[in-house]
Amino acid sequence: MRMRESTSGSFCKRCSMHFDCNFTPYLSLKINPDLIGHERNLNIVPEVLSQAQEVMIMEKKALPPKSEFSEWYHELIQRAEIMDVRYPVKGLYVWFPFGFRIRKEVYGILREIMDREHDEVYFPALIPETELGKEGEHIKGFENEVYWVTHGGTTPLDVKLALRPTSETAMYPMFKLWIRSHADLPLKVYQIVNTFRYETKHTRPLIRLREITSFKEAHTVHATFEEAEEQVKKAMSYYKEFYDRLAIPCLICRRPEWDKFPGAVYTMAFDTIMPDGKTLQIGTVHNLGDNFARTFNIEYEMPNGEHSFAYQTCYGISERCVAALISVHGDDLGLILPFEVSPVQVVVIPVLYKGKEEAVLKAARELGEELKRRGYRVVVDESDERPGAKYYTWELKGAAIRVEIGPREVDEGTAVVSFRDEKKKFSVKRDEIPEKVEEWAKEMRERLYARAVEAMKERVKYCNSLEEVEEWIKKGVALVHLCDSEECGAKLDEIASVLGEVFELPFEVSAEKKGKCVVCGREGRLNAVARTY
RNA sequence: GGGGCCGUGGGGUAGCCUGGUGAUCCUCCCGGCUUUGGGAGCCGGUGACCCGAGUUCAAAUCUCGGCGGCCCCA
C-alpha cells in the first residue's frame, strides 16, 4: 500500500496514520496489542516493525475469532476448503472437494426426507420469456434479477430465454399437460438444481449468490385448498426435521404480505440467527392457492365430471443451509459439524516415535479399518506432520471425533479420544471404541443443539417500544406486537426487516401471542424484526 | 440504493507518493537432512506486478477505462 495523506481527514486511532490501516485485532496480542495490524504504517519505524512481524508470523495460522463474524466466515470458508472464492465472476464460487462432501452429506439428508413422498424430477434451466412473464405478480418479483439468453450463436433468438430464477414457470406449463383428472392428484415432485439471480447487493459465498448451485425446490399440486394447506404443514415438519438433524434451531414466521413469495397466497419462512445477530432465511414454504393454476390453466376433472383449478404449494431450501451449519456451530478454531454430516467423522492420529512406528501404525490402521467396516467416514492421518499440526488441521475441518494412538496406548490397549466440540481428552479401551461411536455422535448432536438454542435465546428479546427495537436489533431479533395495517409494518420496516408473525421458536419466550401494536397501539400479533442477510 | 478502500508468486505483503538496481519479506508447495503427545528446525528449489489504452527514452509505480475484491451506511 502506498503511504499518502489521508484525503478524508480521518486518522486511525491506533497508529495515527492514514485512516484505512485495516486494523485487524485478531492477529494480535502476544507482544504489543497496540501495534498489530498496523505493520504497514509501522514500516517507517524499522525496530518496531520487526517486533510486529514476529507476531504476525506467530499468529498467522490462527483464524480471525468468531466474534469478527464476517472475517471469520470469509476466511474459514476458504481455509477449510469449502468454497474457492477466486472464480473471476462476481457472485459465483467454486465448491472445493471437501466443501462438496459436506454438501453431499447435508443434501443426502434432505433427499432422504423428500423421497418419502416426492418424486425427483429435472426441468430445463432455460425458460421462454412468454412463460416466465405469464403470472403478473411473479414476474414483477423477479424481473430485475433475471439473466437472459438472447442469442443462439450469432443468431438473435425470436423468444428470449431466461435462466431460471426459480422453476414455477418451467414446471407449471408441463403440469398442465400431466394433470387431467383427480386421479392424477396429488402430484409431488422436487428437484435439486442451480438457479440464477442477478443480485445487486453484496454477494457472499453460500449466502448471496448469482448462481445458487443447490436449490432444492419441491412443487405439489392438489385438488383443494385444504389439501394444499395440509401439504404446507407437512413441508414445515419436514424442514423442521431437516434442521433438527443439523442441530440448527429455527425461528418460523409467516412473512408479511409485502414480503411473501411473488404469486403466493402466503409464505412461511425458516430463519436462523447468525453469530452477529443478523438472521438468515434458510427455508420457505409457500401456499400458492390456485393463482398459478389459473395462470397456467392447470385444471382437473372431478369424479362428478365437473372441472376445477388445482391448488399448489412450493417450498425450497438452498445452500444457505450449509452456510447456517458452518456459522451456527463453528468456533475460533474452525468448523464444528454434527457427526452425521461431517466428511470426516473419525480421525485417527498415530503419534510416532523413532523405533516404535510400526506398532503404532498397525494399531491405528486396525482401528481405522474396523470403523470403516462399520460404515463410518474415517481418516487415518499418516502424513509427515507432527501431531500438534494435525490436531489444528482436523479441528479446522470439523472432524467430529479424534482418536490419538501413541506408544503408550499401544502398550495399554487404549486410545485417547476427544470430541470436536469439547476441550477434554479421555482414555478409552481401544476395542470399545467402535461400538461407542454411535452414542458419542448422538450426545454430540444434542450438545450442539443445546448450545445453539442457548445462543439463539440470548439474541431474541421482546421489545415494548420502537426505541427499544432500534437498540436491540443491533444485537439480534426483536419481538414486537404489530397490527395488520400496512403503515405500521412499513414504519417498522424502516428500522429493520419485519420477518413476520411468529409461529414457532425453539424455546419459551415471555411474550403473549397478542398485544398492543408497538407502532399504533391497536391490537396486534407477535412479530419478529431483525437485520437480515 | 449511497459512500469509501484495494488489486504484486497458491495465501499474506514491501516497493508506488518522488517512474530507472536482479521486485522485498513471511507462509504454502517441491527435494534433502532431522524431528514427532498442541502449529519443530536447518539447507536447497519452483513460483508474481488484474486486463486494455494513454503519457514517457523508460511504467508495478503516473492518467483514463474495464474487470474483480473488501468494508461501512440505507
Side-chain angles (χ1 to χ4, degrees), chain A residues 1-10 12 17-24 26-27 30 36-44 46 49-50 52-64 68-71 73-75 77-79 81 84-94 96 144 199-205 210 276 333-334 349-357 360-361 364 381-396 402-412 414-418 423-425 427 470 473-474 493-497 531-532:
Chain A
M1 177 192 286
R2 195 178 319 153
M3 297 294 293
R4 67 168 89 129
E5 292 296 310
S6 164
T7 48
S8 75
S10 56
C12 173
M17 292 298 289
H18 60 87
F19 65 103
D20 60 324
C21 72
N22 232 347
F23 175 54
T24 49
Y26 59 85
L27 288 171
K30 285 230 168 129
I36 312 314
H38 296 239
E39 46 294 320
R40 291 168 179 156
N41 296 343
L42 297 170
N43 284 343
I44 54 176
L49 168 67
S50 63
Q53 270 188 343
E54 245 176 78
V55 180
M56 286 290 291
I57 295 157
M58 286 169 62
E59 297 290 319
K60 186 159 275 177
K61 289 175 177 174
L63 273 177
E68 312 272 336
F69 175 65
S70 206
E71 291 78 9
Y73 180 80
H74 196 253
E75 191 75 21
I77 235 153
Q78 291 168 83
R79 287 224 226 151
E81 294 181 309
D84 196 328
V85 304
R86 294 171 298 182
Y87 192 77
V89 180
K90 181 181 166 64
L92 309 192
Y93 306 93
V94 178
F96 276 119
N144 289 325
E199 294 285 353
T200 51
K201 287 188 177 170
H202 187 222
T203 54
R204 257 177 231 276
R210 286 188 171 176
D276 60 357
L333 290 171
I349 300 192
V351 181
L352 304 170
Y353 281 88
K354 222 170 170 177
K356 297 179 180 172
E357 291 98 333
V360 170
L361 274 176
D381 188 350
E382 296 186 20
S383 70
D384 262 344
E385 290 189 283
R386 292 156 68 115
K390 293 180 186 176
Y391 301 157
Y392 280 102
T393 300
W394 291 110
E395 277 158 356
L396 178 67
R402 187 178 76 214
V403 181
E404 299 160 40
I405 298 174
R408 199 164 61 216
E409 286 74 33
V410 170
D411 293 343
E412 293 171 354
T414 61
V416 173
V417 173
S418 61
K423 290 240 154 58
K424 65 187 183 208
K425 293 185 181 187
S427 181
E470 204 154 357
I473 55 155
K474 292 174 192 161
D493 229 30
E494 281 171 26
I495 302 173
S497 302
R531 285 146 63 235
T532 61

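Chain letters run A, B, ... following the sequence lines, proteins first and then strands; every chain starts at 1.
Within the structure, every side-chain polar atom (N or O) of A:Thr393 is placed at least 4.0 Å from both OP1 and OP2 of B:G39. Contact annotation: A:Lys390 does not reach the phosphate of B:G39 (side-chain N/O to OP1 or OP2, under 4.0 Å). Applying the 4.0 Å criterion to OP1 and OP2 of B:G39, one finds that A:Arg386 has every side-chain N and O outside that range.
When Watson-Crick and G-U wobble pairs are counted only if both distances are under 3.5 Å, B:C62 pairs with B:G54. The base-pairing partner of B:U46, taking Watson-Crick or G-U wobble contacts with both distances under 3.5 Å, does not exist among the strands shown. Here B:C16 sits opposite no nucleotide as a Watson-Crick or G-U wobble pair (both hydrogen-bonding atom distances under 3.5 Å). The partner of B:U35, taking Watson-Crick or G-U wobble pairs whose two distances both stay under 3.5 Å, does not exist in any strand shown. Judged by Watson-Crick or G-U wobble contacts below 3.5 Å, the nucleotide B:G1 has B:C73 as its partner. In this structure B:G68 sits in a base pair with B:C6, meeting the Watson-Crick or G-U test at under 3.5 Å.
For A:Glu395 (side chain) and A:Thr393 (main-chain N/O), no donor-acceptor pair under 3.5 Å exists by modelled atom type.
Picking from B:G37, B:G38, B:G39 the nucleotide with the shortest atom distance to the side chain of A:Lys425 gives B:G38. Out of B:G10, B:G1, B:G38, the shortest distance to the side chain of A:Tyr392 is found at B:G38. Comparing atom distances between the A:Lys354 side chain and each of B:G37, B:U36, B:U35 picks out B:U35 as nearest.
Between the CD atom of A:Glu357 and the P atom of B:U36 there is a distance of 10 Å, given to the nearest Å. Rounded to whole Å, atom C1' of B:C29 lies 14 Å from atom CG of A:Asp384.
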Pairwise N/O distances under 3.5 Å, protein to nucleotides 69-73 of chain B:
unit_1, atom_1, unit_2, atom_2, d
B:C70, OP1, A:His74, NE2, 3.4
B:C70, OP2, A:His202, NE2, 3.4
B:C71, OP1, A:Ser70, OG, 3.0
B:C71, OP2, A:His202, NE2, 3.3

What protein N or O atoms touch nucleotides 30-32 of chain B N or O atoms at under 3.5 angstrom, if any, and at what distances?
none

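For A:Arg86, the side-chain hydrogen bond (donor to acceptor under 3.5 Å, both in side chains) partners at least two apart in sequence or on another chain are A:Asp84.
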